[in-house]
Amino acid sequence: MRIGQVAEQAGVSVRALRYYEEQGLLAAERTAGGQRDYPPSAVDRVRFIQNLYAAGLSSRAVLRILPCMEHGVLTDEMHERLLAERARVETQAGRA
DNA sequence: ATTCTCACA
DNA sequence: TGTGAGTA
């Protein structure tokens with residue numbers, strides 16, 4: 001699917017989707033014409049990223065824990081990251 | 001409609 | 001972490 005559709009269904013701007021790709025958060029294939037082509041799963045992925053942002057995680061933090069969703073595996077480094085983020089989120093409970 | 005880049009909060 | 005503007 002193309003970027004406009006993903007943006008509408010995920011509830012974010014087209015600009016934001018291109019920004020996520022720039023940050024390495026969302027991969028997109030390219031059509032022959034150079035347009036981004038997203039798998040339907042991209043919608044859920046974007047929604048998940050929104051949740052992490054809403055919890056106050058930076059894109060850098062998201063980048064470190066997001067791969068465990070793809071592969072279904074959790075490295076020690078990711079586990080530590082998740083524990084650290086949870087502690088931080090609990091500390092600032094309520095904000096951003 | 002989509003692509004890109006630069007500059008700005 | 002995004003957006004606006006100009007471009008092709």
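Values reported hereafter were calculated over all heavy atoms of this structure, with side chains retained and with hydrogens, waters and symmetry mates removed.
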To the nearest 0.5 Å, what is the distance between CG (A:Leu82) and CZ (A:Arg64)? 10.5 Å
Side-chain N or O of A:Ser13 closer than 4.0 Å to phosphate OP1/OP2 of C:dG2: no
Hey, is the side chain of A:Tyr20 poking within less than 4.0 Å of OP1 or OP2 on C:dT1, counting only N and O atoms?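 Checking C:dT1 against A:Tyr20, no side-chain N or O comes under 4.0 Å of OP1 or OP2.
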With a 4.5 Å limit on heavy-atom distance, are the side chains of A:Leu74 and A:Ile65 in contact?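 SC-SC contact between A:Leu74 and A:Ile65 ruled out.
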Could you check whether any side-chain heavy atom of A:Phe48 comes within less than 4.5 Å of a side-chain heavy atom of A:Val43, counting everything from C-beta outward? no
Measure the distance from OH on A:Tyr19 to C1' on C:dT1 and round it to the nearest whole Å.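 In whole Å, C:dT1 C1' lies 5 Å from A:Tyr19 OH.
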To the nearest angstrom, how far is A:Leu17 atom CG from C:dT3 atom P? 10 Å
Give the minimum heavy-atom separation between A:Ala28 and A:Glu21, together with the two atoms involved.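 Closest approach of A:Ala28 to A:Glu21: CB-OE2, 3.4 Å.
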Suppose we define a pair by two distances each less than 3.5 Å, Watson-Crick or G-U wobble; what does B:dT2 pair with here?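 Across any shown strand, B:dT2 pairs with C:dA8.
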Spell out protein contact along nucleotides 2-9 of chain B as letters: B when the base is contacted, S when just the sugar-phosphate is, - when no protein heavy atom is under 4.0 Å; keep the 5' to 3' order. SBS-----
Tell me, yes or no, whether the heavy-atom count around A:Glu77 atom CD, taken from other residues, nucleotides or ligands under 6.0 Å, exceeds 12. yes
Is the count of non-hydrogen atoms from other residues, nucleotides or ligands lying under 6.0 Å from A:Gln23 atom CD greater than 12?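 Yes.
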